[in-house]
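We name chains A, B, ... by the order of the sequence lines, and we start the count at 1 in each one. Side chains are part of it too, since the values below use all heavy atoms of this structure and drop only hydrogens, waters and symmetry mates.
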Amino acid sequence: MACGGAAFPRRASVPRRRRFQFPKLPKPRITASMCLYQFLIAVRSEGQNLTNEDGETTSHLMGFFYRTLRMMDNGIKPIYVFDGKPPQMKSGELAKRGARRAAAEVSLKEAQEAGEQENIDKYTRRLVRVTKEHNTEVQQLLTLMGIPFVVAPAEAEAQCAALAAAGKVYGAASEDMDTLTFGTPTLLRHMTYSENRKKPINEVSYEQVLEGLEMTKETFVDLCILLGCDYCESIRGIGPHRALALLREHQSIENILASLDPDKFTVPEDWPYAEARRLF
DNA sequence: AATCTGCCTCAAGACGGG
DNA sequence: CCTTCTTGAGGCAGATT
DNA sequence: CCCGTCC
């Protein structure tokens, strides 16, 4: 999502390089849906997913199995969090996605007709879709492995943040900055990066972010809304820098709106920023 | 001149032998 | 009625100050 | 590290 790293000055995060690819931490929570996508897209051989003898896909199971073992080897006890019902999306976003998918389908067909294997692989990956069965199968695997998991009532990020805030787990592992907006005390980024990507695990402290930005929880939430979260549009022409500057000056979206030059910036009609705020 | 925003595109795991 | 669901990073052009 | 293989 769009609450991107660009919004956060480097001092707000605490990078830690470790000898192992995972830190020695007790119980981070990990959002599972993105893992599913990654495994289904990446775990392939000659363009095909790995399968059992009946032709059923096993890429996601391989991925979860080995990654979880690796974490256990490094002294981490993960708790996976699955998304509950899908988030209600903006209709514009949905349309865009449909268009992208359709474009990929056309490109795939062209590649197939031209016999361009490289492009066939590329567009096949772009069309990967995670099903309910994939989710169920992974949950079954985790059960058999004795690894706990939770199915969130709604968004996994919110659930992660809630349990981290309650002190049940060390932190939330996610690439999604919304997790921080939901109030996770500790956000672990790049937790699932493979070793060859050479990225250090990034431990972000909510408190230090607020301190570094000199913001309160309330202004931080407003900042994320201005940057464009999953729940509502952002204001065209206002990106990270202006959003930060405006909030520094005015403290809240209401105050900003009151002083914003309507000739320069167009605020979306019926802009539901208050609803978005309530969700965080 | 130096920023800043927005749009485009791409790529996405893990293991182990040599 | 069903097929549930993606996203971050980096590069670039053009607008803006 | 590189690259074939995992199913």
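At most 12 heavy atoms of other shown residues, nucleotides or ligands fall within 6.0 angstrom of atom CD in Gln140(A). Residue Asp270(A) places its CG atom among 12 or fewer non-hydrogen atoms of other residues, nucleotides or ligands, all under 6.0 Å distant.
When the P atom of dC10(B) is taken as reference, atom CD1 of Ile41(A) falls 15 Å away, rounded to whole Å. Put simply, CG on Asn202(A) is 10 Å from P on dA9(C), counting in whole angstrom units. In this structure, Asp83(A) places its CG atom 13 Å from C1' of dT7(C), rounding to the nearest Å. The interatomic distance linking Tyr123(A) (OH) with dA12(B) (P) rounds to 15 Å, in whole Å. Between the P atom of dA11(B) and the CD atom of Glu175(A) lies a distance of 19 Å, rounded to the nearest Å. The interatomic distance linking Leu127(A) (CG) with dC10(B) (P) rounds to 14 Å, in whole Å. Nucleotide dA14(B) holds its P atom 12 Å from the CE atom of Met191(A), rounded to whole Å. Here the C1' atom of nucleotide dT16(C) and the CZ atom of Phe265(A) are 9 Å apart, to the nearest Å.
Arg67(A) has a side-chain polar atom (N or O) that falls below the 4.0 Å cut-off from OP1 or OP2 of dA14(B). Note on Arg97(A): every side-chain N or O is 4.0 Å or more away from OP1 and OP2 of dC5(C). The phosphate of dA9(C) (OP1 or OP2) has a side-chain N or O of Arg189(A) nearer than 4.0 angstrom. When the side-chain nitrogen and oxygen atoms of Arg70(A) are compared with OP1 and OP2 of dC15(B), one or more of them lie within a distance under 4.0 Å.
Formation of a donor-acceptor pair under 3.5 Å by the Thr179(A) side chain with backbone atoms of Glu175(A) is not found in this model. Judged by distance alone, with hydrogens and angles left aside, the side-chain atoms of Asn255(A) form a donor-acceptor pair with the main-chain N or O of His250(A) at under 3.5 Å. The backbone N or O of Arg101(A) sits nowhere less than 3.5 Å from a side-chain atom of Arg126(A) that would complete a donor-acceptor pair. Between the side chain of Asn49(A) and the main chain of Leu40(A), a donor-acceptor pair closer than 3.5 Å is present. Formation of a donor-acceptor pair under 3.5 Å by the Ser59(A) side chain with backbone atoms of Leu50(A) is found in this model. The backbone N or O of Asp176(A) sits less than 3.5 Å from a side-chain atom of Ser174(A), completing a donor-acceptor pair.
Proximity note for Arg126(A) (side chain, C-beta onward) versus dT7(C), dA9(C), dC10(B): the nearest is dC10(B). Closest approach to the Lys132(A) side chain among dT17(C), dC5(C), dT4(C) is made by dT4(C) (side chain taken as heavy atoms from C-beta onward). Considering only the side chain of Thr131(A), dT4(C) comes nearest among dC5(C), dT4(C), dA9(C).
Comparing the same atom, P, in dC2(D) and in dA12(B) gives a spacing of 15 Å after rounding to whole Å. For the C1' atom pair drawn from dG17(B) and dT6(C), the interatomic distance equals 35 Å after rounding to whole Å.
A side chain to side chain donor-acceptor pair (under 3.5 Å) with His60(A) is found for exactly one of Glu137(A), Glu133(A), His134(A), namely Glu137(A). Under the side chain to side chain contact (heavy atoms under 4.5 Å, CB included) rule, Leu244(A) has a single partner from Arg242(A), His241(A), Arg248(A), which is Arg248(A).
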Grab the N/O contacts between the protein and nucleotides 4-7 of chain B below 3.5 Å, and write none if there aren't any.
| from | atom 1 | to | atom 2 | distance (Å) |
| --- | --- | --- | --- | --- |
| dC4(B) | OP2 | His241(A) | NE2 | 3.3 |
| dT5(B) | OP1 | Gly239(A) | N | 2.8 |
| dT5(B) | OP1 | Gly239(A) | O | 3.3 |
| dT5(B) | OP1 | Arg242(A) | N | 3.3 |
| dG6(B) | OP1 | Gly237(A) | N | 2.5 |

Mind listing the N/O atom pairs, protein and nucleotides 2-7 of chain D, below 3.5 Å?
| from | atom 1 | to | atom 2 | distance (Å) |
| --- | --- | --- | --- | --- |
| dC6(D) | N4 | Arg44(A) | O | 2.8 |
| dC7(D) | O3' | Thr51(A) | O | 2.8 |
| dC7(D) | O3' | Thr58(A) | OG1 | 3.4 |
| dC7(D) | O2 | Thr51(A) | N | 2.9 |

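Glu116(A) and Tyr123(A) form no side-chain donor-acceptor contact under 3.5 Å, judged by distance and modelled atom types alone.
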Convert the base pairs of DNA chain B into dot-bracket notation, remembering that pairs crossing earlier ones are written with [ ] and that bases paired across to another strand are shown as |; include only Watson-Crick or G-U pairs under 3.5 Å.
-> ||||||||||||||||||
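Among the protein residues, Asn135(A) comes within range of the nucleic acid bases, having at least one heavy atom under 4.0 Å from a base atom. Residue Lys122(A) is in sugar-phosphate contact alone, with no base atom involved, counting any heavy-atom pair closer than 4.0 Å across all strands shown.
For the pair Leu257(A) and Tyr273(A), the tightest heavy-atom approach, listed with the atom from each and the gap, is CD1-CE2, 3.8 Å.
Under the 4.5 Å side-chain contact rule for hydrophobic residues, Met72(A) and Met62(A) share a cluster.
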